[in-house]
*Asks:* 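Structure provided below as structure tokens; questions to follow.
Because the structure is a prediction, the values reported are computed rather than measured. When reading the values below, keep in mind they use all heavy atoms of this one structure, side chains included, and skip hydrogens, waters and symmetry mates.
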Amino acid sequence: MRKRITQVLALAMILSLVCVFLVACGGSSDSDASSGSGDGITIFNSKMEIQDQMLQMAERYTAETGVPVEVYYSNDTVSAHLATRYASNNPYTLSMVDAKDIYSLAEEHALDLSDQQWVNDTTHAISVGGKVYGFPVCVEARGIIYNADAIEKIIGKPFVPSDYATLDSFKELIEQLKAGGMESPTGVMKEDWSLAAHYLAQVYEEREDPDAFVRALSEDTTKLIDDPKFNSLMDTFDVLMNNSYAKASAISAEREVTEQKLAEGEIAFLFGGNWDWSVISAYDYTEHMGIMPIPQNTDDGTNTKLVGGGSKYFFIDSSSNTSDQQKQQAKDFLNWLVYNQDGQSFVVNDCALVPAFSNITLAVSDPLGASVKVYADADAMVPNYNYLPDDHYAILGAQFQKYLAGKDDREGFAKQVQTYWKTKTLTAHS
């Protein structure tokens with residue numbers, strides 16, 4: 001009997017050690033993460049491409065500061081995933097979300113950060129009701145990604161993006177590239193998020209009052225097919241689509257193949273954003289690449305600007321499930337990202353992100369990010385529209401794919417967009 005008691009105690013000790021080890025290691029599973037009221041913070045990361053870097057950072061940060069940090073990622077949508085955490089009274093200390101999530105969640109779940117020093121060093125923080133809740137993780141922007149080496153090899157002179165700001169000049173360049181041996185100078189990503197959340201979104205964003213335009217669509221007081229901006233952007237899209245290497249099978253084109261062709265100079269242009277560097281850099285890319293505004297025959301200046309701004313935001317949980325100590329540790333972590341050399345290097349060098357804070361002067365390492373920083377520093381960016389409904393890119397992305405595949409014309413696509421917005425009741429936001 002004594003021997004059996006000893007065996008049970010030994011097993012209990014082993015199991016307890018295993019539990020301690022698992023908690024200390026953290027990881028990518030979301031099922032066992034717990035904020036609790038003890039020492040240390042949990043971080044939810046919604047940016048998949050930097051998950052490995054986040055995990056490595058957590059280990060270093062814990063070793064250097066003594067504050068345990070666990071990082072988690074989920075394949076679920078941000079809103080659905082966080083809803084399950086709130087329902088179980090088990091929120092993350094810090095959550096990285098999209099801008100729209102800050103607007104919908106902040107007043108109920110986020111800590112007011114208005115008194116933090118970094119608020120004065122960025123123009124990208126998100127406020128709701130006069131209080132700062134959203135810490136900008138980085139700046140991202142979209143436009144036409146170009147391979148300057150591939151272009152210059154044919155045109156025989158330096159490629160200057162501003163020389164091709166109009167659609168007319170861009171079309172002339174396309175024809176010059178084709179005459180010089182580049183059979184198909186462009187690529188188009190078929191993904192619904194690229195088509196609807198990024199390209200179509202610029203129809204709303206590239207105007208003085210996006211809210212008013214979206215409201216007019218919702219109330220059916222304007223006709224999209226007659227809108228100059230819609231037609232201007234669709235004219236450019238048609239040029240990209242009709243000169244694509246995958247024109248004959250556009251919906252079968254794989255993102256990785258398209259970006260490899262751009263990286264290696266087989267094609268010259270692709271609509272996308274600086275986040276695409278995470279894919280492009282995996283291939284044998286040429287030295288000189290960048291992002292330029294979408295060429296348009298317009299006089300409103302939008303053809304000289306990228307579209308973008310703050311991308312991904314941290315907020316700190318304000319509930320009693322997160323202790324005062326954890327809230328302070330979370331604030332300290334955000335300040336580390338902005339003011340500590342190691343924190344700045346993590347953002348710029350490890351994650352290859354464009355910093356959202358004016359005090360961070362580290363050179364951005366990748367060429368797409370460097371392009372974005374030039375436009376950001378020059379205040380040459382059209383702001384993101386952060387209030388699209390959650391189903392916008394899925395529903396209208398599918399409609400845009402039909403257009404890309406030649407199964408719908410511009411008038412039919414415009415009608416689908418118009419019909420979608422008629423079903424939406426817009427909510428007020430500050």
*Asks:* Taking Asn243's backbone N and O only, do any of them form a donor-acceptor pair with Thr186's side chain (distance below 3.5 Å, no angle check)?
*Replies:* yes

*Asks:* Step by step, would you call Tyr86 with His109 a ring-ring contact (aromatic ring centres under 6.0 Å, His included)?
*Replies:* CA-CA 9 Å; Tyr86 296 136; His109 297 290; 3.7 Å; yes

*Asks:* Measure from the ring center of Phe357 to the ring center of Tyr339 and say whether it is less than 6.0 Å.
*Replies:* no

*Asks:* For a ring-ring contact (aromatic ring centres under 6.0 Å, His included) check, start with the C-alpha distance between His392 and Trp193, then their side-chain angles and the critical distance, and finish with the verdict.
*Replies:* CA-CA 9 Å; His392 178 276; Trp193 53 264; over 10 Å; no

*Asks:* For residues Thr62 and Val69, report the shortest heavy-atom separation together with the two atoms involved.
*Replies:* OG1-N, 3.0 Å

*Asks:* Determine whether Tyr403 and Leu195 make a side-chain contact, defined as any pair of heavy atoms from C-beta on separated by less than 4.5 Å.
*Replies:* no

*Asks:* Pick from Gln296, Gln202, Glu205: which one makes a side chain to side chain donor-acceptor pair (under 3.5 Å) with Lys229?
*Replies:* Gln296

*Asks:* Give a yes-or-no answer on whether the side chains of Thr286 and Asn147 include a donor-acceptor pair shorter than 3.5 Å.
*Replies:* yes

*Asks:* Please check if the side chain of Ser345 supplies one atom and the backbone of Gln341 the other of a donor-acceptor pair under 3.5 Å.
*Replies:* no

*Asks:* What distance do Phe213 atom CZ and Leu217 atom CG have between them, rounded to the nearest 0.5 Å?
*Replies:* 4.0 Å

*Asks:* Is a side-chain donor or acceptor of Ser114 paired with a backbone partner of Val132 at a separation under 3.5 angstrom?
*Replies:* yes

*Asks:* Donor-acceptor pair, distance only, cut-off 3.5 Å: does the side chain of Asn335 make one with the backbone of Lys331?
*Replies:* yes

*Asks:* Decide, yes or no, whether a salt bridge links Glu254 with Lys190 under the criterion of side-chain N to carboxylate O below 4.0 Å.
*Replies:* yes

*Asks:* Cation-pi check, Arg85 to Tyr92: give yes when NZ or CZ is under 6.0 Å from the six-membered ring centre and within 45° of the ring axis, no otherwise.
*Replies:* yes

*Asks:* Scan Tyr61, Phe346, Phe135 and name whichever one has a ring-ring contact (aromatic ring centres under 6.0 Å, His included) with Phe333.
*Replies:* Tyr61

*Asks:* Could you give the distance from OH (Tyr285) to CD (Glu264), rounded to the nearest 0.5 Å?
*Replies:* 12.0 Å

*Asks:* Considering only NZ, NE, NH1 and NH2 on the basic side and carboxylate oxygens on the acidic side, decide whether Arg207 and Asp227 come within less than 4.0 Å.
*Replies:* yes

*Asks:* What are the two closest heavy atoms between Ala370 and Val364, and how far apart are they?
*Replies:* N-CG1, 3.7 Å

*Asks:* Glu70 and Tyr72: side-chain donor and acceptor closer than 3.5 Å?
*Replies:* yes

*Asks:* Can you give me the closest heavy-atom contact between Gln51 and Val71, atom names plus distance?
*Replies:* OE1-CG1, 3.7 Å

*Asks:* If you draw a 6.0 Å radius around NZ in Lys327, do more than 12 non-hydrogen atoms from other residues or ligands fall strictly inside?
*Replies:* yes

*Asks:* Could you pull out the closest heavy-atom pair between Tyr73 and Asn45, with the gap in Å?
*Replies:* CD1-O, 3.0 Å

*Asks:* Ignoring hydrogens and angles, tell me if any N or O in the side chain of Thr322 forms a donor-acceptor pair with the backbone of Ser318 under 3.5 Å.
*Replies:* no

*Asks:* Near Asp379 CG, under 6.0 Å, is it more than 12 heavy atoms from other residues, nucleotides or ligands?
*Replies:* no

*Asks:* Consider only side-chain N and O atoms of Asp391 and Tyr420, and report whether a donor and an acceptor are under 3.5 Å apart.
*Replies:* yes

*Asks:* Would you call Asp235 and Lys171 a salt bridge, taking side-chain N to carboxylate O under 4.0 Å as the test?
*Replies:* no

*Asks:* Using ring centroids (six-membered ring only for Trp), state whether His81 and Phe44 fall under 6.0 Å.
*Replies:* yes

*Asks:* Is there a donor-acceptor pair closer than 3.5 Å between any side-chain N or O of Gln326 and the backbone N or O of Gly40?
*Replies:* yes

*Asks:* Check whether any side-chain heavy atom of Thr77 lies under 4.5 Å from a side-chain heavy atom of Asp390, and answer yes or no.
*Replies:* no

*Asks:* To the nearest 0.5 Å, how far apart are CG in Asp276 and CE in Met289?
*Replies:* 9.5 Å

*Asks:* Please determine, by modelled atom types, if Asp284 and Gln260 share a side-chain donor-acceptor pair under 3.5 angstrom.
*Replies:* no

*Asks:* Is a side-chain donor or acceptor of Tyr199 paired with a backbone partner of Leu233 at a separation under 3.5 angstrom?
*Replies:* yes

*Asks:* Does the side chain of Asn297 come within less than 4.5 Å of Asp168's, by heavy atoms?
*Replies:* yes

*Asks:* Would you find a donor on one side and an acceptor on the other, under 3.5 Å apart, between the side chain of Ser88 and the backbone of Thr84?
*Replies:* yes

*Asks:* Could you walk me through whether Asp211 and Tyr204 pass the side chain to side chain donor-acceptor pair (under 3.5 Å) test, one step at a time?
*Replies:* CA-CA 8 Å; Asp211 271 330; Tyr204 321 133; over 6 Å; no

*Asks:* Rounded to the nearest 0.5 Å, what separates atom CE in Met48 from atom OG in Ser74?
*Replies:* 12.5 Å

*Asks:* Considering all heavy atoms of both residues, which atom of Ser365 and which atom of Val348 are nearest to each other, and what is their separation?
*Replies:* OG-O, 4.0 Å

*Asks:* Set out, in order, the CA-CA distance, both residues' side-chain angles and the distance that settles side-chain contact (heavy atoms from CB on, under 4.5 Å) for Glu183 and Lys178, then state yes or no.
*Replies:* CA-CA 5 Å; Glu183 184 178 347; Lys178 290 165 71 174; over 6 Å; no

*Asks:* Test ring-ring contact (aromatic ring centres under 6.0 Å, His included) on Tyr164 and Phe159 and set out the steps.
*Replies:* CA-CA 9 Å; Tyr164 306 97; Phe159 172 67; 5.5 Å; yes

*Asks:* Please round to the nearest 0.5 Å and tell me the distance separating atom CG of Asp209 and atom CZ of Arg215.
*Replies:* 7.0 Å

*Asks:* Going by heavy atoms in the side chains, are Phe314 and Val97 under 4.5 Å from each other?
*Replies:* no

*Asks:* What is the minimum heavy-atom distance between Asn274 and Glu140, and which atoms define it?
*Replies:* OD1-CA, 3.3 Å

*Asks:* Can you measure from CD (Glu49) to CH2 (Trp275) and round to the nearest 0.5 angstrom?
*Replies:* 10.0 Å

*Asks:* With side-chain contact (heavy atoms from CB on, under 4.5 Å) as the criterion, how do Lys100 and Leu388 come out once you've worked through the C-alpha distance, each side chain's angles and the decisive distance to 0.1 Å?
*Replies:* CA-CA 8 Å; Lys100 64 182 179 62; Leu388 295 177; over 6 Å; no

*Asks:* Only one of Phe413, Phe271, Phe400, Phe230 clears ring-ring contact (aromatic ring centres under 6.0 Å, His included) with Phe237; which?
*Replies:* Phe400

*Asks:* How about Ser46 and Lys312: does a side-chain donor come under 3.5 Å of a side-chain acceptor?
*Replies:* yes

*Asks:* Keeping the roles fixed (side chain from Asn340, backbone from Leu337), state whether a donor-acceptor pair exists under 3.5 Å.
*Replies:* no

*Asks:* Is the shortest side-chain heavy-atom distance between Phe315 and Leu94 below 4.5 Å?
*Replies:* no

*Asks:* Can you tell me if Asp192 uses its side chain to pair, donor with acceptor, with the backbone of Leu396 under 3.5 Å?
*Replies:* no

*Asks:* Report yes or no: is the cationic atom of Lys261 (NZ for Lys, CZ for Arg) closer than 6.0 Å to the six-membered ring centre of Tyr245, at no more than 45° off its axis?
*Replies:* yes

*Asks:* Can we say Arg60 and Asp350 salt-bridge, meaning some charged N sits less than 4.0 Å from an Asp/Glu carboxylate O?
*Replies:* yes

*Asks:* Is the ring pair Tyr103/Tyr387 parallel, tilted or perpendicular, if the boundaries are 30 and 60 degrees?
*Replies:* tilted

